[in-house]
Amino acid sequence: MIKRSHTCGELTKTNIGETISLCGWISKRRDHGGLSFVDLRDRYGKTQIVFNEELHSNVFKKAKKLGLEDVIGIKGVVVQRPSEAVNESMITGEIDVEVSQIDIFNEADAMPFDVNDRNSANEDHRLKFRFLELRTKDLQKNMFIRHKAAFAIRDHMSKNDFIEVETPVLMKSTPEGARDFLVPSRLHQGKFYALPQSPQTYKQLLMISGFDKYFQIVKCFRDEDFRADRQPEFTQIDIEMSFVDQYDIINMATGLTRNIFKEILDVELAKDFPQLNYHEAMERYGSDKPDIRFDMELNEMSSYVEASNFNAFKSVLEKGGRVKGIVCPNGESYSRKVIDELTDFMKIYYGAKGLAWLKCKDGKLDGGISKFFPEHVQNLMLSDLKINNGDIIFMIGDDVSVVWQALGALRLELGKRENLIDNSKWAPLWVVDFPLVEWNSDEQRWDALHHPFTAPHPDDIDLIDTDPANVRSLGYDLVLNGYEIGGGSIRIHKRDLQQKAFSLLGVSDEEAEEKFGFLMNAFRYGAPPHGGIAFGFDRIAMLMSGSNQIRDVIAFPKTTSAMSLMDNSPSNIDKKQLDELGLSIKK
RNA sequence: GGGGUGGUAGUUCAAUUGGUUAGAGCACCUGCCUGUCACGCAGGAAGUUGCGGGUUCGAGUCCCGUUCAUCCCGCCA
């Protein structure tokens with residue numbers, strides 16, 4: 001067997017005259033009769049190797065039958081290319097390898113798609129042959145970014161005294177939050193393990209154990225519906241610290257994020273990331289994960305509405321609702337048809353009742369609902385909101401949550417349409433002071449916004465009994481370019497406060513004991529104040545690789561229906577396996 | 001659970017209002033070619049139009065159902 005002396009990405013004219021050997025895949029073939037050029041590829045690059053009938057007729061004959069993606073090893077001499085044949089776009093473009101010996105390791109069938117071009121097949125087809133898609137330059141680059149990021153994280157955390165502790169993958173099911181993936185127990189028939197949604201309880205127990213700086217790069221599992229940035233199994237950078245407040249965590253996580261971007265992309269992020277509290281984020285951007293690479297903030301419109309004759313909005317205000325609006329440039333391009341499309345978008349997806357608009361023309365407001373606004377009100381709007389000629393103003397009036405959500409989505413849509421987003425920009429920010437709980441009207445109860453171990457803001461503890469909706473938590477999210485890439489909180493570390501939190505969430509003592517008794521019990525034996533954060537490692541890798549699909553940074557991802565098209569999982573199992581587990585399939 | 005988009009040779013796409021034998025690039029096969037790098041030239045093979053039903057003289061095209069992929073809403077403590 002020919003073993004390689006070099007990779008396919010490194011030979012240059014300094015190697016001319018050397019006898020070398022290479023191993024790799026045939027990326028491209030150009031046959032000229034007695035002379036045949038082959039681009040040999042491995043993950044380091046490509047090198048052009050030449051088969052010459054006159055020089056090595058035996059080898060030439062063997063090479064005649066070579067096809068795309070055959071795997072070969074060759075031995076030969078590095079030679080200078082004729083000057084007119086130099087390919088300046090390749091590192092190895094000044095040399096050829098004159099092949100004198102060849103091993104054909106494996107001949108490939110006709111390829112299902114062209115691995116030189118990732119776009120040569122649809123995604124479902126590429127997923128079926130994911131091992132081939134992973135040969136593409138794009139995915140090799142992405143996997144390398146991911147590897148470097150994981151390496152940089154471990155290095156950074158270790159240097160800062162954090163230790164990585166592995167926690168169980170088979171754990172107790174807790175029906176709170178996301179749906180669990182379940183694993184039936186053979187030895188305890190009828191009982192189930194769950195795969196962790198996150199190692200949350202374990203890392204809190206590790207704090208009680210005294211591992212005051214813990215981290216783990218760890219797989220987590222959530223059985224919900226999937227999106228471009230969500231997979232059933234995903235990887236978190238899980239971190240927890242003792243004897244800290246939320247600003248210690250924020251500082252640590254900012255430092256880690258800056259380090260990753262510096263190491264992998266050589267990007268210098270701001271020393272401190274901007275911070276917005278939740279309420280401000282919603283009021284200004286209509287989102288708890290705002291993309292602040294562009295402005296176009298949401299404006300308060302109630303004073304203009306009150307001074308107007310537009311009764312639809314006035315009655316919204318009377319009923320305690322809100323009216324907000326955004327000012328968008330390039331209003332001429334918003335024809336009736338386009339506005340109707342945007343209106344449907346608002347109605348169908350965000351429950352808005354409509355989308356009001358007015359345009360600014362010749363220094364005056366025009367069209368849409370402009371006639372309901374007296375001239376002096378219009379003038380105020382023009383000057384307060386800095387509306388320019390050609391702008392269009394969109395307004396929505398509704399319950400505050402609808403206004404926030406709909407306008408937040410509209411802001412993003414308009415930002416894209418108007419090309420306001422600078423793709424070269426990195427805009428991290430912290431969102432803090434989240435509400436502790438939100439009302440779940442379906443279940444008629446309060447749900448934890450983050451999770452049930454999140455500490456309430458110390459200033460708001462008295463409100464827990466009287467006004468739960470306005471209790472802030474010591475929770476925080478790290479947002480980058482409109483993606484939530486991390487989130488965490490200071491945890492409750494006292495048994496009585498944890499009990500209070502459970503009772504607010506409608507978790508009975510018995511239930512709390514059954515589900516979280518082991519944690520509650522641990523609080524009896526010396527629990528330090530602690531808190532932490534978990535980063536979505538896949539999302540970070542995705543953003544760093546310039547993608548908006550998490551699948552692009554996962555070697556073997558699942559589809560949006562949680563299937564693996566490559567190995568066809570999930571799949572049926574033998575009756576024998578079911579019997580061993582004491583399970584039967586419901587018909 | 002709901003909505004949008006898509007599924008046609010191995011693959012990427014085309015196919016006029018429903019109308020002849022469903023076409024083209026790449027890949028594949030055969031032959032030619034000694035400086036190509038998207039090599040070139042000549043020829044060839046390749047199709048259950050996702051699946052099931054319906055309308056029609058006639059369906060890739062229209063209708064209903066279903067399935068898969070993808071994007072979004074719900075969901076994701």
Side-chain angles (χ1 to χ4, degrees), chain A residues 27-39 46-55 60 65 67-69 79 81-90 92-93 96 108-129 132 174-180 197-198 200-201 220-232 234 341 344-351 405-406 409 412-413 434 436-438 440 442 446-454 473 475 484 487 489 501 505 507 515-516 534 536 548-549 551 558-561 563 565:
Chain A
S27 176
K28 204 84 195 186
R29 223 193 123 141
R30 293 171 294 279
D31 199 343
H32 287 252
L35 191 67
S36 182
F37 300 97
V38 166
D39 293 337
K46 287 178 185 173
T47 300
Q48 176 165 278
I49 62 177
V50 183
F51 295 92
N52 190 321
E53 188 168 27
E54 284 175 6
L55 299 178
F60 182 85
K65 61 173 182 176
L68 290 186
E69 300 301 315
V79 297
R81 291 193 195 180
S83 59
E84 69 277 10
V86 166
N87 185 339
E88 285 173 12
S89 63
M90 293 171 74
T92 61
D96 286 326
D109 284 356
M111 283 290 113
F113 62 95
D114 180 4
V115 301
N116 293 307
D117 176 13
R118 192 163 171 235
N119 297 318
S120 68
N122 283 322
E123 184 158 17
D124 50 347
H125 196 67
R126 299 196 308 261
L127 283 175
K128 186 170 175 188
F129 296 96
L132 295 181
T174 54
E176 310 272 322
R179 210 172 281 120
D180 282 328
Q197 298 172 28
S198 85
Q200 182 61 38
T201 49
C220 302
F221 306 85
R222 292 178 192 175
D223 187 5
E224 293 293 341
D225 288 348
F226 304 106
R227 293 288 170 78
D229 63 348
R230 293 195 331 226
Q231 281 270 304
F234 60 99
E341 283 166 12
D344 284 345
F345 174 61
M346 293 288 95
K347 283 184 179 171
I348 293 168
Y349 292 123
Y350 302 99
Q405 216 194 347
L412 283 181
E413 176 64 25
F434 278 84
L436 184 69
V437 291
E438 64 184 345
N440 180 334
D442 290 343
W446 295 101
D447 279 349
L449 200 75
H450 187 53
H451 58 56
F453 317 110
T454 301
S473 73
E484 182 198 325
S489 63
L505 297 171
V507 180
K515 287 177 190 160
F516 304 111
N548 51 14
Q549 287 187 338
R551 295 184 296 276
K558 307 240 177 338
T559 68
T560 49
S561 68
M563 300 228 292
L565 297 180

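Residue numbering restarts at 1 for every chain, and letters A, B, ... go by the order of the sequence lines. Just so you know, these numbers come straight off a predicted model, no measurement behind them.
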Inset, instruction - Look at the side-chain N and O atoms of A/K28 and state whether any lies under 4.0 Å from the OP1 or OP2 oxygen of B/C39. - result: yes
Legend entry - Side-chain donor-acceptor pair present, A/D124, A/N122, cut-off under 3.5 Å: no
Inset, instruction - Could you tell me whether A/R230 and A/E224 make a salt bridge, using a distance below 4.0 angstrom between a side-chain N and a carboxylate O? - result: no
Legend entry - Residue A/A178, side-chain atoms from C-beta onward, closest of B/G35, B/C76, B/C37: B/C76
Legend entry - Short side-chain N/O contact from A/R30 to OP1 or OP2 of B/C39, under 4.0 Å: yes
Legend entry - Closest to side chain of A/P82, choosing from B/C33, B/G35, B/C68: B/G35
Inset, instruction - Could you check which of B/C76, B/C37, B/G74 has an atom nearest any side-chain atom of A/R81? - result: B/C37
Legend entry - Closest nucleotide among B/G1, B/C37, B/U11 to the A/D225 side chain: B/G1
Inset, instruction - Determine the contact category for A/E54: base if any of its heavy atoms lies under 4.0 Å from a base atom, sugar-phosphate if only primed atoms, P, OP1 or OP2 are that close, otherwise nothing. - result: base
Inset, instruction - Give a yes/no answer on whether the side chain of A/Y349 brings an N or O atom under 4.0 Å of OP1 or OP2 in B/G74. - result: no
Inset, instruction - May I ask you to say what A/R179 touches in the nucleic acid, namely base, sugar-phosphate or nothing, with a heavy-atom cut-off under 4.0 Å? - result: nothing
Inset, instruction - Indicate whether OP1 or OP2 belonging to B/U12 is found under 4.0 Å from a side-chain N or O atom of A/N122. - result: yes
Inset, instruction - Look at the side chain of A/H32 and decide which nucleotide, out of B/C39, B/U70, B/G74, has an atom nearest to it. - result: B/C39
Inset, instruction - Mind checking A/Q200 for me? I need base, sugar-phosphate or nothing, with any heavy atom below 4.0 Å counting as a touch. - result: base
Inset, instruction - Compare side-chain N and O positions of A/T559 against OP1 and OP2 of B/A69 and report whether any pair is under 4.0 Å apart. - result: yes
Legend entry - Stacked pair A/F113-B/U11, distance under 5.5 Å, angle under 30°: no
Legend entry - Residue-phosphate contact under 4.0 Å: A/R551 side-chain N/O, B/C71 OP1/OP2: yes
Inset, instruction - Could you measure between the two P atoms, the one in B/A9 and the one in B/G60, and give it in whole Å? - result: 14 Å
Inset, instruction - Scan A/L449 against the nucleic acid and name what it touches under 4.0 Å (heavy atoms): base, sugar-phosphate only, or nothing. - result: sugar-phosphate
Inset, instruction - Taking only the side-chain nitrogens and oxygens of A/S561, find out if one of them lies under 4.0 Å from OP1 or OP2 of B/A69. - result: yes
Legend entry - Proximity to the side chain of A/A110 - top-ranked nucleotide from B/C28, B/U70, B/U36: B/C28
Legend entry - Among B/C73, B/G35, B/C68, the one nearest A/Q405 by side-chain distance: B/C73
Inset, instruction - Could you work out which one of B/C37, B/C75, B/U70 sits closest to the side chain of A/M90? - result: B/C37
Inset, instruction - Examine B/C75: is either OP1 or OP2 under 4.0 Å from a nitrogen or oxygen in the side chain of A/R230? Give yes or no. - result: no
List, with names and distances, any nitrogen or oxygen atoms from the protein found under 3.5 Å away from nitrogen or oxygen atoms belonging to nucleotides 47-51 of chain B.
none

Inset, instruction - Considering just the side-chain nitrogens and oxygens of A/S120, establish if one lies under 4.0 Å of OP1 or OP2 belonging to B/U11. - result: no
Inset, instruction - Determine the interatomic distance between P on B/C76 and the same-named atom on B/A15; round to the nearest Å. - result: 43 Å
Inset, instruction - Give one of base, sugar-phosphate or nothing for A/Q549, where a contact means two heavy atoms less than 4.0 Å apart. - result: sugar-phosphate
